[in-house]
Participant: 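There's a structure below that I have some questions on.
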Amino acid sequence: MAEESFYDRVYEVARLVPYGRVTSYGAIAKFLGTAGTARMVGYAMMHCGGLQPPVPAHRVVNSRGMLTGRFHFATPTLMQQMLENEGVEVENDGVKNFKQLLWDPAKELMEGY
């Protein structure tokens with residue numbers, strides 16, 4: 001059996017982010033035991049379009065709640081629209097109430113992932 005790639009593990013975690021919540025690139029990296037690789041998580045998100053099951057890349061933002069990945073969607077406003085469709089308020093390209101909406105996999109998922 002082939003070993004899961006870093007990107008596969010990123011996608012697995014990103015698929016767990018609940019509807020109406022967001023996580024950060026860094027939170028995913030830290031959860032995977034690779035703190036400091038937030039940028040690599042971002043690269044993974046850039047390459048997840050068309051995967052099955054789908055990866056909700058719109059729910060992954062930077063550590064301040066900014067929609068830094070918005071330009072990698074079909075239109076620069078699509079990421080915001082997708083979040084707003086889930087009830088997430090966005091203002092000035094940032095998630096309002098980011099700290100309340102942040103889903104941290106290290107805190108939310110049971111040990112033994």
Side-chain angles (χ1 to χ4, degrees):
M1 177 180 273
E3 185 177 325
E4 272 189 320
S5 74
F6 177 76
Y7 280 20
D8 291 333
R9 294 179 341 161
V10 167
Y11 301 147
E12 201 172 321
V13 175
R15 286 182 179 114
L16 299 174
V17 180
Y19 182 95
R21 302 281 301 275
V22 295
T23 194
S24 71
Y25 306 109
I28 291 175
K30 186 175 179 183
F31 177 74
L32 293 175
T34 58
T37 62
R39 187 168 295 195
M40 289 300 298
V41 173
Y43 293 147
M45 291 294 103
M46 286 180 2
H47 297 287
C48 70
L51 291 180
Q52 292 300 322
V55 177
H58 65 286
R59 296 181 190 149
V60 185
V61 298
N62 81 3
S63 62
R64 294 185 334 237
M66 302 302 295
L67 279 57
T68 52
R70 70 186 177 281
F71 295 110
H72 299 285
F73 285 77
T75 67
T77 59
L78 182 59
M79 184 178 187
Q80 178 173 339
Q81 291 169 345
M82 293 174 78
L83 286 168
E84 289 174 341
N85 288 344
E86 295 185 10
V88 175
E89 292 182 61
V90 176
E91 186 176 275
N92 298 322
D93 295 321
V95 174
K96 287 182 74 173
N97 303 313
F98 173 63
K99 290 188 192 257
Q100 290 78 21
L101 295 176
L102 178 63
W103 181 83
D104 183 346
K107 294 178 183 173
E108 306 280 351
L109 297 175
M110 295 181 172
E111 290 184 23
Y113 170 81

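Just so you know, these numbers come straight off a predicted model, no measurement behind them. For reference, positions follow the sequence shown, starting with 1.
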Participant: Take atom CZ in Arg39; do more than 12 heavy atoms of anything else shown fall under 6.0 Å from it?
Facilitator: no
Participant: Could you tell me which non-hydrogen atom of Val60 sits nearest to which non-hydrogen atom of Ser24, and how far apart they are?
Facilitator: CG1-C, 4.0 Å
Participant: Between Met45 and Tyr25, what is the shortest heavy-atom contact and its length?
Facilitator: CG-CE2, 4.0 Å
Participant: Hydrophobic clustering (ILVMFWY, side-chain heavy atoms < 4.5 Å, transitive) - are Tyr7 and Leu16 grouped together?
Facilitator: yes
Participant: From Glu91 CD over to Asn97 CG, what is the distance, rounded to the nearest 0.5 angstrom?
Facilitator: 10.0 Å
Participant: CG of Leu51 to CZ of Arg15: how many Å apart, nearest 0.5 Å?
Facilitator: 6.0 Å
Participant: Restricting to non-hydrogen atoms, name the atom on Ala27 and the atom on Pro105 that form the minimum distance, rounded to 0.1 Å.
Facilitator: O-CG, 3.8 Å
Participant: Using atom types as modelled and distance alone, determine if a side-chain donor or acceptor of Thr23 lies under 3.5 Å from a backbone N or O of Trp103.
Facilitator: yes
Participant: Between the main-chain N or O of Ala44 and the side-chain N or O of Tyr11, is there a donor-acceptor pair closer than 3.5 Å?
Facilitator: yes
Participant: Output the rest of the hydrophobic cluster of Phe71: all Ile, Leu, Val, Met, Phe, Trp and Tyr residues reachable through side-chain heavy-atom contacts under 4.5 Å, sorted by chain and number.
Facilitator: none
Participant: Can you tell me how far apart OH (Tyr43) and NE2 (His72) are? Round to the nearest 0.5 Å.
Facilitator: 9.0 Å
Participant: Using the rule that two of Ile, Leu, Val, Met, Phe, Trp, Tyr join whenever any of their side-chain heavy atoms come within less than 4.5 Å, decide whether Met46 and Val17 are in one cluster.
Facilitator: yes
Participant: Side-chain contact test, heavy atoms from C-beta onward, threshold under 4.5 Å: evaluate it for Met40 versus Thr34 and give yes or no.
Facilitator: no
Participant: Got a sec, which hydrophobics cluster with Val95, joining ILVMFWY side chains under 4.5 Å apart, including via others?
Facilitator: Val22, Val61, Leu67, Phe73, Leu78, Met79, Met82, Leu83, Val88, Val90, Phe98, Leu101, Leu102
Participant: Can you check whether Gly94's main-chain N or O pairs, donor with acceptor, with Asn92's side chain at less than 3.5 Å?
Facilitator: no
Participant: Apply side-chain hydrogen bond (donor to acceptor under 3.5 Å, both in side chains) to Glu89 and list each qualifying residue two or more places apart in sequence or on a separate chain.
Facilitator: none
Participant: Can you give me the closest heavy-atom contact between Gln80 and Asp93, atom names plus distance?
Facilitator: OE1-OD1, 4.2 Å
